[in-house]
Amino acid sequence: MIETKGGIRKKLLPIVILPIILLSCLITVIGVSLFYGFYTQSIRNELISTTDTLIDCLDFAIGGDYQYENEMLFKGDLNITDSTMLLRIKEQSGIDITFFWNDLRIMTTIEDEYGISAVGTKAANRVKEVVLRQGQSFSSKDLSINGRKYIGYYVPLKNTGGEIVGMIFAGKQKGLVYDKITEVIIWFATFSAIMIVISVFITLKFSSNMIADINSINHFLKAISEGNLRSTLGNRVVNRKDEIGSIGIYALKMRDNLQKLIERDALTELYNRRSCNTMLSAISQRNELYCVVMCDIDFFKKVNDTYGHDAGDYVLQEVSDLIKKNVSEYGFASRWGGEEFLLVYKLRYEDTVARTRQLRQSILDHDFTYEKTKMDITMTFGVADGTEFIRYENVIKKADEKLYVGKNNGRNQVVA
């Protein structure tokens, strides 16, 4: 393994802390944005409720139409030019209220920074267009009134016949929103600082095990890169409930997939010809008991030509499944090429012949139905005893010769 200079813990700390800082900043930005949106929407709902309640109370308590005479606002015969109620609303909720006659402010709680009332000033043109001319409500998160920024809501003031005679405005200063946002930022900053301290502590405390497990994965991947696909990874790594454990699991899956790519046929998932030769060579060198069966699907070209290659692939997969079940723990099987298979049984010759005959019958009895089309599938087998020859290549050649004897004698048979 390549040795590195410097402590991994020192490198690990900024790796751990920097994402936390960036994540905290991101969360703060998103959180503040969401909070601003939710809070301003809550304020808007509060402003709508306030104006609706104010109009309903006036209509319920006082009959008649609105009139403005001699700088006084009347509803019916009652003079309602009294800001006491509006000031109470502001004291209790922080909401500024304004009554307009047409576009002129005639009663308001809004004052500039010097305490001068906004009475006598006029509404903006965009407000007049929407509220007075179109008769619709108007809301905005960015209103400038008398030198102050507001979140505000305007609603038409109508007489009995539906005539629009003015407006009612309810708004909150944006400074109150900014105060709340400041509180949120302070909360997020405090939380982030606490998380950084905890992260440093945890990193220092548990980095030893982490580094050991990283080194285990490093050694495992090094072995895989050198072609050792039989290498294993310790249970402690794969049992971790974190990203390192996931990396370990994925590394094992990568090894298994590499084994499949190198050793297995992609379609049938049987061993391929190369890996079969390797395993047969090992069996032969150890002088183990074995027999070889060479077999192929009868008239397979006709299946492809008649039903299509997808149907042919289906037949190959079904046959392979039957072969796997038959060979089972007694040996192994490979796709030798095309529709041809080579089976290796670690059994006596008589037992191998018996199992091969069972396999021939199971294929004959199997229901090969593809897209509602039933196909008659048979196979021909040639069996050779591994003890008859020193070289396994000669055993394969003998089995292949017997296979062609069966092909020439009518197929769908076991030649032993």
Side-chain angles (χ1 to χ4, degrees), residues 264-273 276-277 279-280 289-389 392-416:
R264 301 277 179 172
D265 174 66
L267 178 65
T268 63
E269 295 187 357
L270 297 174
Y271 287 105
N272 57 32
R273 187 167 183 162
C276 183
N277 275 318
M279 290 187 289
L280 263 177
L289 176 70
Y290 75 98
C291 293
V292 168
V293 178
M294 185 70 76
C295 57
D296 74 358
I297 301 170
D298 298 329
F299 304 109
F300 184 71
K301 184 177 183 300
K302 185 178 179 181
V303 173
N304 279 331
D305 293 343
T306 305
Y307 306 108
H309 288 282
D310 288 343
D313 289 346
Y314 162 78
V315 171
L316 288 171
Q317 290 172 328
E318 292 291 300
V319 166
S320 299
D321 288 341
L322 293 172
I323 289 173
K324 290 174 193 174
K325 292 176 183 177
N326 182 270
V327 174
S328 187
E329 72 272 15
Y330 302 108
F332 56 90
S334 70
R335 184 182 180 188
W336 200 246
E339 71 273 22
E340 196 170 33
F341 301 87
L342 188 141
L343 286 53
V344 178
Y345 292 89
K346 296 180 181 181
L347 298 171
R348 296 182 305 166
Y349 184 72
E350 295 80 5
D351 296 331
T352 299
V353 173
R355 291 203 68 82
T356 304
R357 286 172 177 163
Q358 291 175 6
L359 176 59
R360 186 197 71 83
Q361 189 62 45
S362 66
I363 291 169
L364 186 63
D365 296 338
H366 188 71
D367 180 13
F368 289 91
T369 300
Y370 180 76
E371 293 185 350
K372 299 181 180 181
T373 300
K374 182 175 176 60
M375 295 172 285
D376 295 323
I377 303 298
T378 61
M379 289 188 70
T380 304
F381 303 82
V383 185
D385 190 347
T387 60
E388 291 185 2
F389 304 94
Y392 76 91
E393 294 93 342
N394 293 332
V395 182
I396 295 174
K397 182 179 179 182
K398 184 65 176 179
D400 196 45
E401 290 173 354
K402 290 185 177 182
L403 168 64
Y404 277 93
V405 170
K407 288 286 188 181
N408 293 329
N409 289 340
R411 295 180 169 81
N412 187 25
Q413 56 188 272
V414 176
V415 179

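Positions are given from 1, in the same order as the sequence printed here.
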Original post:
Under 3.5 Å, side chain of Gln413 to main-chain N/O of Arg411, donor-acceptor pair present?
Top reply: yes
**OP:** Measure across Leu280 and Ile396 and return the closest heavy-atom pair with its distance rounded to 0.1 Å.
**Re:** CD1-CD1, 3.7 Å
Original post:
Once you round to the nearest 0.5 Å, how far does SG of Cys291 lie from CD of Glu388?
Top reply: 8.5 Å
**OP:** Calculate, to the nearest 0.5 Å, the distance between atoms OH and OG belonging to Tyr345 and Ser328 respectively.
**Re:** 10.0 Å
Subject >> Side-chain touch Val319/Phe341, heavy atoms, less than 4.5 angstrom >> reply: yes
**OP:** Could you tell me which non-hydrogen atom of Ala384 sits nearest to which non-hydrogen atom of Tyr349, and how far apart they are?
**Re:** C-CE1, 4.1 Å
Subject >> Member of Val303, Leu316, Ile363, Thr380 meeting the side chain to side chain contact (heavy atoms under 4.5 Å, CB included) criterion with Ile297 >> reply: Leu316
**OP:** Could you tell me which non-hydrogen atom of Ala333 sits nearest to which non-hydrogen atom of Leu343, and how far apart they are?
**Re:** CB-CG, 4.2 Å
Subject >> Phe389 side, atom CZ; Thr387 side, atom OG1 - distance, nearest 0.5 Å >> reply: 9.5 Å
Original post:
Yes or no on salt bridge (charged side-chain N to carboxylate O under 4.0 Å, His left out) for Asp298 and Lys407, after CA distance, side-chain angles and deciding distance?
Top reply: CA-CA 8 Å; Asp298 298 329; Lys407 288 286 188 181; 3.0 Å; yes
Original post:
Rounded to the nearest 0.5 Å, how far apart are CD1 of Ile377 and OH of Tyr314?
Top reply: 9.0 Å
Original post:
Do Asn409 and Tyr404 have side-chain atoms, one donor and one acceptor, less than 3.5 Å apart?
Top reply: no
Subject >> side chain to side chain contact (heavy atoms under 4.5 Å, CB included) evaluation trace for Val415 with Val383 >> reply: CA-CA 6 Å; Val415 179; Val383 185; over 6 Å; no
Original post:
When you look at Leu403 and Asp296, which way does the side chain to side chain contact (heavy atoms under 4.5 Å, CB included) test go after all the steps?
Top reply: CA-CA 8 Å; Leu403 168 64; Asp296 74 358; 4.0 Å; yes
Subject >> Distance in Å, Thr306 OG1 paired with Lys301 NZ, rounded so as to fall on 0.5 Å steps >> reply: 9.0 Å
Subject >> Shortest non-hydrogen contact from Phe368 toward Val315 >> reply: CE2-O, 4.2 Å
**OP:** Could you tell me the separation between the CZ atom of Phe381 and the CZ atom of Arg357, rounded to the nearest 0.5 Å?
**Re:** 11.5 Å
Original post:
Under the 3.5 angstrom rule, does the side chain of Asn326 hit a backbone N or O of Arg355 as a donor-acceptor pair?
Top reply: yes
**OP:** For the pair Val293 and Leu342, evaluate side chain to side chain contact (heavy atoms under 4.5 Å, CB included) and give the outcome as yes or no after the intermediate values.
**Re:** CA-CA 6 Å; Val293 178; Leu342 188 141; over 6 Å; no
Subject >> NZ/NE/NH1/NH2 to OD/OE distance under 4.0 Å, Arg348 and Asp351 >> reply: yes
**OP:** Take Gln317 and Leu267 through the side chain to side chain contact (heavy atoms under 4.5 Å, CB included) test and state the conclusion after the steps.
**Re:** CA-CA 7 Å; Gln317 290 172 328; Leu267 178 65; 3.3 Å; yes
**OP:** Using a cut-off of 6.0 Å, state whether more than 12 heavy atoms not belonging to Lys324 lie near its atom NZ.
**Re:** yes
Original post:
What's the verdict on salt bridge (charged side-chain N to carboxylate O under 4.0 Å, His left out) for Lys397 and Asp400, showing C-alpha distance, side-chain angles and the deciding distance?
Top reply: CA-CA 5 Å; Lys397 182 179 179 182; Asp400 196 45; over 6 Å; no
Original post:
Can you pull the side-chain hydrogen bond (donor to acceptor under 3.5 Å, both in side chains) pairs that have at least one residue in residues 330-342, sequence neighbours excluded?
Top reply: Asp265-Arg335
Original post:
What pair of heavy atoms forms the shortest contact from Ala416 to Lys402, and how long is it?
Top reply: C-NZ, 3.4 Å
Original post:
Is there any side-chain hydrogen bond (donor to acceptor under 3.5 Å, both in side chains) pair reaching into residues 358-367, and which pairs are they, with sequence neighbours excluded?
Top reply: Glu318-His366, Arg360-Asn412, Gln361-Asp365, Asp367-Thr369, Asp367-Lys374
Subject >> Check: Asn277 and Tyr392 side chains under 4.5 Å, non-hydrogen atoms >> reply: yes
Original post:
Without hydrogens or angle criteria, can the side chains of Tyr271 and Arg264 be said to hold a donor-acceptor pair below 3.5 Å?
Top reply: yes
